[in-house]
Amino acid sequence: MTHSTQFDLPSSLSVDLHNDIAALSLSRPEKRNAIDFAMIRGLDRFFSELPDSIRAVVIHGKGDHFSAGLDLSSISDIDSAAVLFGSRAWHRVFDRIEHGNVPVIAVLHGAVVGGGLELAAAAHIRVAERGTFYALPEGSRGIFVGGGASVRVPQLIGVPRMVDMMLTGRTYGAEEGVALGLSQYLVEPGEGLAKGLELARRVIANAPLSNFGVIQALPRIARADPETGLLLESLMMSVAAADDEAKVRLRTFLDKRAQKVSHKDSGAALDAQRGAA
Ligand code: 1HE
């Protein structure tokens with residue numbers, strides 16, 4: 001069911017609610033989901049005003065592509081101050097996605113280009129359909145990345161690969177992307193949203209404080225100096241373990257009523273195998 005009016009979104013964004021998971025669509029297929037300021041403002045509003053009842057978000061794109069990146073017509077005739085403030089607005093929104101209260105899964109297909117890759121990189125998990133391709137054509141457009149790619153893309157694939165993509169226009173396909181870390185899952189065309197929703201359901205089955213630790217503490221610990229990081233890890237562990245939710249879950253395991261860990265059930269392992277085949 002569509003709930004876009006509840007969120008007061010521009011026409012370029014729409015929302016379907018699947019119980020406590022929101023599927024947010026980039027809905028500007030006629031412009032290949034190019035991201036303009038209205039879409040950025042809409043993303044900002046959506047992620048700042050997300051009701052507590054929404055426990056995970058799946059972002060995907062309508063039409064044949066996830067996103068063609070920055071709407072180039074929006075910067076063709078503006079001064080450098082406006083571009084600077086615009087870029088900082090992208091940063092604020094994508095930070096809100098990465099460090100918000102809910103896990104975000106990006107489902108990718110077709111072009112994941114420039115700012116589209118920057119948006120995907122701000123999500124916590126990426127699922128790519130076969131046929132997805134990744135590019136950073138900023139160099140050939142005479143501009144530079146401005147939505148956080150300099151920080152987030154090297155965390156996924158390393159600085160040398162990003163340099164190559166920007167200097168030579170090299171693109172990566174879906175299969176290479178999953179091997180390099182641009183996505184964690186590879187699925188057949190048309191299966192991405194179902195996979196994203198399935199993953200979201202698994203994610204929200206975790207204890208809320210565990211998920212908080214994963215999306216708020218873990219990335220900061222990984223960037224911290226090791227001594228500070230390890231202290232933060234212990235603090236996060238003690239906060240999560242002291243919560244009633246942990247006590248119930250540990251009791252369930254100790255009473256032999258909890259599911260055992262099973263490698264066969266691991267979607268990640270299955271998809272990685274399929275991707276490598
Ligand atoms: C656009 C944009 C756009 C399409 N801004 N209007 N991004 C790029 O450099 C990628 C530019 N786009 C493309 O290379 C192609 O459009 C695609 C490979 C993504 C898709 O190709 P195709 O053949 O399916 O579509 P199309 O015919 O090229 O485009 C359809 C329409 O969308 C057309 O407009 P129309 O009025 O002629 O119908 C295109 O002009 C329009 N369109 N992409 C504006 N990006 C925070 S900094 C981030 C910096 C960046 O993101 S730079 C990367 C920009």
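Positions are given from 1, in the same order as the sequence printed here. Start at 1 and go down the list; that is how both ligands and their atoms are numbered.
Here the side chains of V203 and I125 are in contact, with some heavy-atom distance below 4.5 Å. At a threshold of 4.5 Å between non-hydrogen side-chain atoms, the residues V145 and V153 do not count as touching.
Atom 50 (C) of ligand 1 is flagged as protein-proximal [any protein heavy atom, distance under 4.0 Å]. Closer than 4.0 Å to atom 40 (O) of ligand 1 lies none of the heavy atoms of the protein. When distances from atom 37 (O) of ligand 1 to the protein are checked, no heavy atom turns up under 4.0 Å. Within the 4.0 angstrom cut-off, atom 10 (C) of ligand 1 has one or more protein heavy-atom neighbours. Contact annotation for atom 15 (C) of ligand 1: protein absent (non-hydrogen atoms, distance under 4.0 Å). Using a 4.0 Å threshold on non-hydrogen atoms, atom 32 (O) of ligand 1 counts as touching the protein.
Ligand 1 has an N or O atom lying under 3.5 Å from an N or O atom of G115, backbone or side chain. Between F144 and ligand 1, not a single N/O pair is under 3.5 Å apart. In terms of polar-atom proximity, G69 is not counted as a contact of ligand 1, lacking any N or O under 3.5 Å from an N or O of the ligand. At a 3.5 angstrom cut-off on N or O pairs, S73 does not count as close to ligand 1. No N or O atom of G146 sits closer than 3.5 Å to an N or O atom of ligand 1. For ligand 1, the polar-atom distance check against R141 finds a nitrogen or oxygen pair separated by under 3.5 Å.
With a heavy-atom cut-off of 4.0 Å, A34 touches ligand 1 through its side chain alone. With a 4.0 Å cut-off on non-hydrogen atoms, E118 touches ligand 1 through its side chain and not its backbone.
Exactly one of V104, D44, L43, N101 qualifies for a side chain to side chain contact (heavy atoms under 4.5 Å, CB included) with R96. That residue is D44.
Against a heavy-atom cut-off of under 4.0 Å, E30 is close to the following atoms of ligand 1: 30 (C), 31 (C), 32 (O). When each atom of ligand 1 is checked for a heavy atom of G114 under 4.0 Å away, the hits are 50 (C), 51 (O). Listed by number with element, the atoms of ligand 1 under 4.0 Å from a non-hydrogen atom of P137 are 8 (C), 9 (O), 53 (C).
When the shell of 6.0 Å around CD of E227 is examined, it contains 12 or fewer heavy atoms from other residues, nucleotides or ligands. Shown here is D79, whose CG atom has more than 12 heavy atoms of other residues, nucleotides or ligands within 6.0 Å. Remark: D52 CG is loosely packed, at most 12 non-hydrogen atoms of other residues, nucleotides or ligands lying under 6.0 Å away. By the neighbour-count criterion of 12 heavy atoms within 6.0 Å, atom CG of D243 is densely surrounded, having more than that number from other residues, nucleotides or ligands.
Taking all heavy atoms of F94, W90, F66, F133 into account, the minimum distance to atom 46 (C) of ligand 1 is reached by W90. For atom 24 (O) of ligand 1, the nearest non-hydrogen atom from the set K31, E138, R32 belongs to R32.
Of all protein heavy atoms, the one lying nearest to atom 45 (N) of ligand 1 is L70 O, 2.9 Å. Among protein heavy atoms, atom 5 (N) of ligand 1 sits closest to L72 N, 2.9 Å. For atom 21 (O) of ligand 1, the closest non-hydrogen atom of the protein is H65 NE2, 4.3 Å. Atom 54 (C) of ligand 1 has its closest protein heavy atom at A68 O, 3.5 Å.
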**Request:** List the steps, then state whether side chain to side chain contact (heavy atoms under 4.5 Å, CB included) holds for R126 with L156.
**Result:** CA-CA 11 Å; R126 282 159 295 280; L156 300 179; 3.2 Å; yes

**Request:** Assess whether side chain to side chain contact (heavy atoms under 4.5 Å, CB included) is satisfied between L70 and W90, documenting all intermediate values.
**Result:** CA-CA 10 Å; L70 171 69; W90 281 55; 3.6 Å; yes

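For residues 139-155, the side chain to side chain donor-acceptor pair (under 3.5 Å) pairs, not counting sequence neighbours, are D95-R152, E98-R152. Residue pairs satisfying the salt bridge (charged side-chain N to carboxylate O under 4.0 Å, His left out) criterion with at least one member in residues 101-125, sequence neighbours excluded, are absent.
Ligand 1 has no atom lying under 4.0 Å from any heavy atom of S87. The shell of residues lying under 4.0 angstrom from ligand 1, judged by heavy atoms, includes D71.
Ring planes of F46 and F7: tilted class, angle from 30 to 60°.
For K195 and E198, the salt-bridge test passes: some basic side-chain N is under 4.0 Å from an acidic carboxylate O.
A donor-acceptor pair shorter than 3.5 Å cannot be found between the side chains of K31 and S73.
In this structure, CZ on F85 lies 11.5 Å from CD1 on I78, to the nearest 0.5 angstrom.
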